[in-house]
Amino acid sequence: MTSRTLHSDQPAETVLDRIRRHFNAVLEARGYRADSAQQAAIEHLGDWLGKHLAARRGWFRRPVAGVYLWGGVGRGKSFVMDAFFAAAPVQAKRRVHFHAFLQELQVRMLAFSGQSDPLARVAREIAQQTRLLCFDEFHVHDIGDAMLLGRLLKVLVEEGVGLVCTSNYSPDRLCPNPLYRERFRPAIQLIEKRFDVFSLDAGQDYRQHSTELEAWGDYCWPEPDDGGALIRRTLGLGEGAALHQLLEVNHHPLRVHALEGDRAWLDFHELFATPRSASDYLWLIEHFPHMAVSGLDRLGDHPQDVSQRFLNFIDIAYDRGLHLRLFSAVALEQLAEGGNAVDFARTLSRMKQLRSVKLDTAH
């Protein structure tokens with residue numbers, strides 16, 4: 001048997017064949033059927049990776065640094081990338097959520113404090129440890145992200161790291177804020193020149209078809225005027241919960257309605273009306289994996305930066321597995337209304353996976 005295996009007439013499985021086989025197996029196991037756009041995306045990823053790995057063994061540098069996979073909400077981008085990543089025959093590979101990676105990058109830069117160009121040093125360190133790096137939910141929300149990302153991508157590409165990114169935005173829409181778009185323009189140009197930009201524009205929303213999907217929390221409305229009794233009860237806060245606490249989150253104060261163990265009740269205004277970073281939300285989710293947020297109302301009635309921070313929080317919470325209870329004055333369908341409403345589509349698709357609980361406030 002061993003001899004027959006070693007000297008088989010069957011051709012060796014290519015990288016593309018391996019990834020295609022795994023993708024089809026996952027589809028069959030879940031009872032899904034890929035449409036033409038999703039099938040084309042997995043073929044494109046497999047073909048690129050095979051060429052990328054072959055080029056690393058050769059004498060020339062592979063001109064295509066990676067694949068930038070973008071499309072609207074519910075196109076199956078993350079599903080496709082998950083299947084690709086699982087089957088990729090690369091030992092030194094990482095799949096990271098964009099916000100979490102930026103936080104890691106900032107922490108690692110501290111180790112090179114006082115030395116020249118800490119960012120480049122960390123990027124080269126990452127390149128030594130990683131041959132394939134997959135980013136999910138690639139987007140630029142603030143000037144800090146823009147400054148870090150542009151130079152990070154440049155070093156990673158120069159070092160030959162294979163990069164795969166999923167995004168809801170085409171490269172030229174990655175950084176919509178005109179205040180710092182010019183600073184990010186070199187990164188956009190790098191993506192357009194060195195990546196295969198693939199538009200997955202006709203996919204299915206796998207989340208809508210899954211029979212195994214479990215809600216990751218509750219969306220409760222209208223918020224009751226009972227002094228928070230229902231919120232404390234549904235969150236599981238007991239008589240020993242500490243009320244009206246002041247936390248220090250990454251050296252910034254945060255007032256909290258109530259705390260007990262790994263559970264926290266927080267306020268919309270306190271979380272989003274003042275500047276807070278993705279690392280602040282990651283810290284809170286790590287310490288309080290069960291969380292209630294009250295005081296929601298129409299996002300469009302708030303300045304855009306407030307609404308954007310809420311959207312960032314939902315993205316991070318969903319990805320990190322937070323069990324969330326939101327208490328709002330309005331139904332989910334009305335949340336994005338108002339004159340200052342921001343791009344809500346991606347977040348809405350995630351919030352629709354929360355159980356909608358209409359509260360009886362008559363009593």
Side-chain angles (χ1 to χ4, degrees), residues 94-113 118-119 122 125-126 133 135-149 152 216-218 228 231-232 234-237 240-296 299 302-303 305-327 346-347 350-351 354:
R94 289 187 65 191
R95 181 200 181 281
V96 293
H97 188 274
F98 188 56
H99 288 300
F101 184 79
L102 287 180
Q103 183 187 37
E104 174 192 332
L105 187 64
Q106 292 169 340
V107 171
R108 292 177 69 163
M109 285 171 61
L110 293 176
F112 295 102
S113 180
L119 177 59
V122 173
E125 195 175 70
I126 292 170
L133 184 59
F135 287 110
D136 203 15
E137 302 291 357
F138 197 85
H139 189 45
V140 179
H141 294 300
D142 57 45
I143 184 61
D145 293 354
M147 297 298 289
L148 284 175
L149 273 179
L152 172 71
W216 59 289
D218 302 317
I231 296 175
R232 291 195 299 270
T234 57
L235 187 57
L237 296 176
L243 305 180
H244 310 302
Q245 298 296 296
L246 185 65
L247 291 179
E248 185 174 290
V249 179
N250 292 329
H251 308 293
H252 300 291
L254 175 72
R255 287 185 292 271
V256 179
H257 286 304
L259 295 172
E260 187 175 28
D262 62 355
R263 299 169 188 271
W265 168 23
L266 301 105
D267 178 74
F268 176 90
H269 185 274
E270 187 71 13
L271 275 175
F272 309 116
T274 58
R276 297 194 185 277
S277 67
S279 61
D280 294 341
Y281 302 137
L282 286 162
W283 186 96
L284 285 167
I285 292 166
E286 179 182 345
H287 287 80
F288 305 107
H290 297 269
M291 191 181 298
V293 178
S294 62
L296 273 71
L299 293 179
H302 297 277
D305 61 330
V306 175
S307 300
Q308 188 62 64
R309 280 191 284 271
F310 174 74
L311 269 57
N312 293 351
F313 170 78
I314 292 296
D315 282 349
I316 297 167
Y318 181 89
D319 185 74
R320 304 294 282 190
L322 176 68
H323 192 78
L324 178 65
R325 291 173 175 84
L326 293 173
F327 289 83
R346 178 181 74 254
T347 308
R350 293 179 165 183
M351 292 182 68
L354 297 168

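All values reported here derive from a predicted model rather than from experimental measurement.
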Are the side chains of [X] and [Y] in touch, meaning some heavy atoms are under 4.5 Å apart?
| X | Y | value |
| --- | --- | --- |
| Met291 | Arg263 | no |
| Trp216 | Leu354 | yes |
| Ile285 | Ile316 | yes |
| Leu102 | Leu149 | yes |
| Asp267 | His257 | yes |
| Leu326 | Ile314 | yes |
| Leu322 | Leu284 | no |
| Leu152 | Val122 | no |

- Task: Please find out if less than 6.0 Å separates the ring center of Phe101 from that of Phe98.
- Result: no

- Task: Would you please indicate yes or no on a ring centroid separation below 6.0 angstrom for Phe313 and Phe268?
- Result: no

Heavy-atom pair with the smallest gap, counting every atom of [X] and [Y]:
| X | Y | answer |
| --- | --- | --- |
| Val293 | Leu324 | CG2-CD1, 4.1 Å |
| Ala264 | Leu259 | CB-CD2, 3.4 Å |
| Val306 | Ala273 | CG2-CA, 3.9 Å |
| Glu270 | Arg276 | O-NE, 3.1 Å |

Just how far is it from atom [atom1] of [X] to atom [atom2] of [Y], taken to the nearest 0.5 Å?
| X | Y | atom1 | atom2 | value |
| --- | --- | --- | --- | --- |
| Leu105 | Ser279 | CG | OG | 12.0 Å |
| Leu243 | Glu260 | CG | CD | 9.5 Å |
| Leu282 | Asn250 | CG | CG | 9.0 Å |
| Glu286 | Gln103 | CD | CD | 7.5 Å |
| Leu266 | Phe288 | CG | CZ | 7.5 Å |
| Arg108 | Leu119 | CZ | CG | 11.5 Å |

- Task: Show your reasoning for whether side chain to side chain contact (heavy atoms under 4.5 Å, CB included) applies to Phe112 and Glu125.
- Result: CA-CA 11 Å; Phe112 295 102; Glu125 195 175 70; 3.6 Å; yes

- Quick one: sort the Phe272 and Tyr281 rings into parallel, tilted or perpendicular, breaks at 30° and 60°. tilted

- Item | Basic-acidic side-chain contact under 4.0 Å: Arg94, Glu104 | yes

- Task: In sequence, state the C-alpha distance, the side-chain angles, and the governing distance for Arg309 and Leu271, and then conclude on side chain to side chain contact (heavy atoms under 4.5 Å, CB included).
- Result: CA-CA 8 Å; Arg309 280 191 284 271; Leu271 275 175; over 6 Å; no

- Task: Inspect the surroundings of NE2 in His287 and state if more than 12 heavy atoms from other residues, nucleotides or ligands are less than 6.0 Å away.
- Result: yes

- Any sub-3.5 Å donor-acceptor pair from Thr234's side-chain atoms to Ile231's backbone N or O? yes

- Task: Before giving the answer on side chain to side chain contact (heavy atoms under 4.5 Å, CB included), spell out for Leu133 and Val96 the whole-Å C-alpha distance, their side-chain angles and the decisive distance to 0.1 Å.
- Result: CA-CA 8 Å; Leu133 184 59; Val96 293; 4.1 Å; yes

